[in-house]
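All remarks here apply to the structure that follows.
To find a chain, count down the sequence lines: A is the first, B the second, and so on, and within it residues start at 1. Small disclaimer: the values here were computed from a predicted structure and weren't measured.
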Amino acid sequence: MNIAKVIVDVPASSINQTFDYQIPKQFQGVLQKGMRVIVPFGPRKIMGFVVEFTSQTELTKLKDILEVLDLTPVLTNELLELGRWLAEETLSLYITALQAMLPQVLKAHYQKELIRLTDEEMTNELENFFAGRDVIPYEEVDHSPVSYYQLQKAVQDGDIAVNYLVKSKITKKRVTMIKPLRSSHLLEETLLDLSTNAKKQHELITFFIENPAPIEKRTLIHKLQTSNATIKNLVDKHILENYSEEVYRNPFDDESIVQTTALELTEEQEQAIIPIKEKIVANEHDVFLVHGVTGSGKTEIYLQAIQDVIKKGQEAIVLVPEISLTPQMVKRFKGRFGSKVAVLHSALSSGEKYDEWRRIHRKEVQVVVGARSAIFAPFENLGIIIIDEEHENSYKQEDNPRYHARDVAIHRGKNHQCPVILGSATPALESYARAQKGVYRLAVLEKRTNSQAMPEVEIIDMRKELHAGNRTMFSRSLKERIEQCIQRQEQIVLLLNRRGYSTFVMCRDCGHVKECPHCDIALTFHKNSNQLKCHYCSYEEPMPTICPECSSDLIRYFGTGTQRVEEALTQLIPEANVIRMDVDTTRRKGAHEKLLNQFANREADILLGTQMIAKGLDFENVTLVGVLTADSMLHLPDFRSSEKTFQLLTQVSGRAGRHELPGEVIVQTYTPDHYSIELASEYDFTQFYKKEMAMRKTFKYPPYVFLALMTISHENQVKVIQTTQKITKMLLDHVSDETVVLGPTPSPLARIKNRYRYQCMIKYRNEPHIRTLIQNIIQNFSEETRKDDLFITVDMQPYQMM
DNA sequence: AGCACGCCGACT
DNA sequence: GTCGGCGTGCTC
């Protein structure tokens with residue numbers, strides 16, 4: 001077994017296979033599956049993953065593995081298998097799947113350098129270029145007058161060599177530590193020798209007599225109110241020692257977390273957790289859908305199930321949507337399980353993510369709380385997987401590998417023979433349908449733990465407001481309630497559902513709308529920079545003062561950005577103190593938390609924001625929730641738009657009256673009789689489920705069919721349409737009669753970055769060879785994809801139709 | 001992907 | 001002879 005099969009870091013379909021390498025003597029026995037290696041590949045050196053060993057090969061000559069990058073495998077056998085499954089399932093490359101399971105810092109970076117080999121005089125250009133140096137970074141060629149031809153010749157003649165480097169950007173954080181170099185009683189003697197003037201040094205030594213353990217320099221300075229100079233003085237006298245130690249970055253302030261213990265469960269919770277616990281004990285896989293209204297105590301069920309798993313010596317993964325992975329949420333898990341918890345989410349720096357990942361990898365934690373990619377946590381003894389708010393779209397990755405964390409969770413649950421829990425107040429239709437069919441076990445929590453009723457929801461017809469002469473975006477009723485609330489010193493959450501709306505610029509005279517010259521989309525106005533920007537290609541131009549079409553000066557921006565709502569709000573209710581939360585105000589690190597803390601401390605009356613405020617927040621003083629534009633995503637080209645509207649309204653309503661104070665909700669809409677809005681206001685999930693399922697059945701959408709979406713893009717519109725047409729036909733020729741193939745249809749975003757985009761949608765029920773078929777079709781166009789800049793992407797379970 | 005190699009045409 | 005610009009084929 002001295003040959004390693006390696007998946008190399010080259011994301012191309014022609015390289016989507018293992019390559020055999022000889023294992024040199026020094027690595028035999030230490031090299032394991034799942035380790036990263038550096039291998040020669042053609043003229044270069046690249047990173048790869050060892051996925052298998054063998055003693056036989058068809059090739060006559062093998063190259064050697066050059067280096068082994070890891071001491072222990074970064075991927076377990078289970079994850080290697082999972083990667084293969086994931087690649088097949090999502091029609092992506094094995095290497096892409098493997099990379100997706102690891103923190104970004106483990107990705108290799110490639111550099112080249114030129115090395116002078118000859119002592120003899122080279123051409124003038126080359127001598128000037130090297131300027132006496134023996135090694136130069138390759139990029140310098142670009143800024144030098146040396147021609148590629150000259151370089152090529154010098155390399156051929158053996159005067160210069162190209163060296164290929166593989167770099168990793170792993171950085172380990174180090175801190176300076178201070179420790180005494182003498183034992184306590186020797187320190188006491190030292191104290192006697194010290195000049196009486198050296199008060200600070202005296203204090204410092206006294207401190208170490210009492211606390212001889214090493215301490216971080218920063219903490220020491222802070223604690224004793226001393227200085228760097230004082231410490232340095234004692235270090236120079238060899239009384240103290242200065243050394244650096246590797247530490248994990250800890251993005252969370254653990255000290256402020258209060259430990260909690262298991263709460264008494266309600267009868268409902270008890271009923272829900274019993275079958276889960278049974279599966280944990282029996283080491284059996286099963287999927288549970290916990291359908292519990294907001295405030296019904298789902299999290300406590302998770303916590304107690306995890307408790308059992310840890311007791312058994314097993315591990316737990318908890319997935320939480322990106323948006324609700326707030327410090328509040330983290331505290332609940334750290335409060336119960338303390339240092340056994342690692343947290344993974346996108347707001348962490350790549351170094352922090354790596355540190356949290358290493359804590360999992362080294363088995364220093366038993367619980368991971370994280371966003372989508374935490375599903376790949378390298379645990380080897382999983383006892384439970386929990387997906388909270390399982391209906392959330394953020395569990396679907398929107399680039400390759402386009403996986404849904406729910407599917408990965410269930411696959412891993414089978415691998416580890418452990419239960420998977422899906423929890424939500426508004427389950428995805430797919431999940432609920434499976435529970436109805438008996439594929440999943442359903443548990444229902446109908447009561448809130450505080451026995452408070454869900455807040456009353458009032459629907460306001462904004463058309464009537466308009467007819468009554470109210471042109472603001474606040475209905476009279478909402479304005480009144482806000483004012484009452486402020487008077488009672490209670491707080492308000494206002495949700496601006498901005499999806500589908502944006503601040504576009506239109507000429508009031510001729511109706512001309514400023515669009516991006518490279519994409520078929522209106523430009524968005526950014527007030528602080530007075531620029532128009534394209535969200536898809538980052539094109540930017542200054543806001544025009546006159547209309548470019550008709551030269552009218554009545555060109556204005558429209559739409560409802562949070563900024564504008566804030567302005568209008570302070571105009572309408574001047575006494576209101578508003579905190580605005582959107583991408584702009586939360587960009588800086590920690591800004592999110594800071595704003596929420598301010599609101600929790602009642603420094604403002606109103607929290608105004610986009611989607612990000614709808615989920616998981618829990619403020620006891622909030623009694624009014626206002627939804628400014630409930631129907632803004634109802635008209636998007638997406639068969640899930642009703643479902644999303646229902647979910648959002650239900651979620652946001654749960655933000656009011658979570659504690660003693662009763663809450664109320666006001667929903668403003670132009671389509672008050674739409675079933676998703678009506679039924680959300682009555683909290684009638686079952687009725688919504690029935691209605692929506694009927695719709696899905698008539699229009700052939702999931703969960704009645706599976707979807708696959710192929711998107712084809714190219715600079716030439718005719719070519720795209722023709723290619724999409726061909727693909728559609730090829731599909732139709734090979735699928736069963738039941739299967740529907742729609743296309744070519746222009747993508748909802750028909751042009752991005754000067755490329756036209758057309759799509760083809762496949763709706764199928766039973767098509768066992770669909771993946772092979774699509775793969776073959778893509779293979780068929782591989783020439784054109786390579787040479788003619790044609791792009792074909794596939795999404796096997798699209799959530800975004802764009 | 002990214003690299004070498006080879007062929008072509010342009011320029012000097 | 002010196003250059004850049006493609007198209008093609010290969011990577012254990």
Do [Y] and [X] meet the salt-bridge criterion of a basic N to acidic O distance under 4.0 Å?
X      : Y      : answer
A:K729 : A:D733 : yes
A:E89  : A:R771 : yes
A:K363 : A:E380 : yes

A:R133 CZ: over 12 foreign heavy atoms closer than 6.0 Å:
yes
Crowded around A:N124 CG? As in, over 12 foreign heavy atoms under 6.0 Å?
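No, CG of A:N124 has 12 or fewer neighbouring heavy atoms, counting only those of other groups under 6.0 Å.
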Report yes if some heavy atom in the side chain of A:T90 is under 4.5 Å from a heavy atom in the side chain of A:N400; otherwise report no.
no
Mind listing the residues from [range] sitting with a heavy atom below 4.0 Å of DNA chain C? Number order is fine.
range                       : answer
residues 147-165 of chain A : A:S147, A:Y148, A:Y149, A:Q150, A:K153
residues 27-40 of chain A   : A:P40
residues 89-111 of chain A  : none
residues 5-14 of chain A    : A:S14

So what does [X] hit on the nucleic acid, given a heavy-atom distance under 4.0 Å: a base, only sugar-phosphate, or nothing?
X     : value
A:L62 : sugar-phosphate
A:F41 : base
A:I46 : nothing

A:C760 pairs by side chain to side chain contact (heavy atoms under 4.5 Å, CB included) with which of A:L709, A:L731, A:I792, A:V794?
A:L731
Qualifying residue, where the test is side chain to side chain contact (heavy atoms under 4.5 Å, CB included) with A:V8 and the options are A:I15, A:N16, A:I95, A:T18
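Single pass found, and it is A:I15.
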The test is ring pair (Phe, Tyr, Trp, His ring centres under 6.0 Å); show your working for A:F376 and A:Y403 and say whether it passes.
CA-CA 12 Å; A:F376 300 115; A:Y403 66 90; 5.2 Å; yes
[X] side chain to [Y] main-chain N or O, any donor-acceptor pair under 3.5 Å?
X      : Y      : answer
A:Y110 : A:M47  : yes
A:R36  : A:A108 : no
A:R402 : A:M796 : no

Residue pair A:R116, A:I136: steps toward the side-chain contact (heavy atoms from CB on, under 4.5 Å) verdict:
CA-CA 9 Å; A:R116 179 180 192 148; A:I136 34 180; over 6 Å; no
Summarise protein proximity over nucleotides 7-12 of chain B in one line of letters, 5' to 3': B for base, S for sugar-phosphate only, - for none, counting protein heavy atoms closer than 4.0 Å.
------
A:H416/A:F379 aromatic ring centres below 6.0 Å
no
Check the pair A:E356 / A:V365 against side-chain contact (heavy atoms from CB on, under 4.5 Å), numbers first and verdict last.
CA-CA 9 Å; A:E356 293 293 289; A:V365 295; over 6 Å; no
Cation-pi geometry met for A:K763 and A:Y701 (6.0 Å, 45°)
yes
Is the base of B:dA1 touched by the side chain of A:R44 through a donor-acceptor pair closer than 3.5 angstrom?
yes
Anything under 4.0 Å to a heavy atom of chain A counts; send over the first and last such nucleotide of DNA chain C, read 5' to 3'.
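Span of nucleotides near chain A: C:dT2 to C:dC12.
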Please say which of A:H714, A:R755, A:K719 ends up in a side-chain hydrogen bond (donor to acceptor under 3.5 Å, both in side chains) with A:D789.
A:R755
By nearest-heavy-atom nucleotide on DNA chain C, the more 5' of A:E125 and A:L59 is A:E125
Is it true that the side chains of A:E398 and A:Y799 contain a donor and an acceptor less than 3.5 Å apart?
no
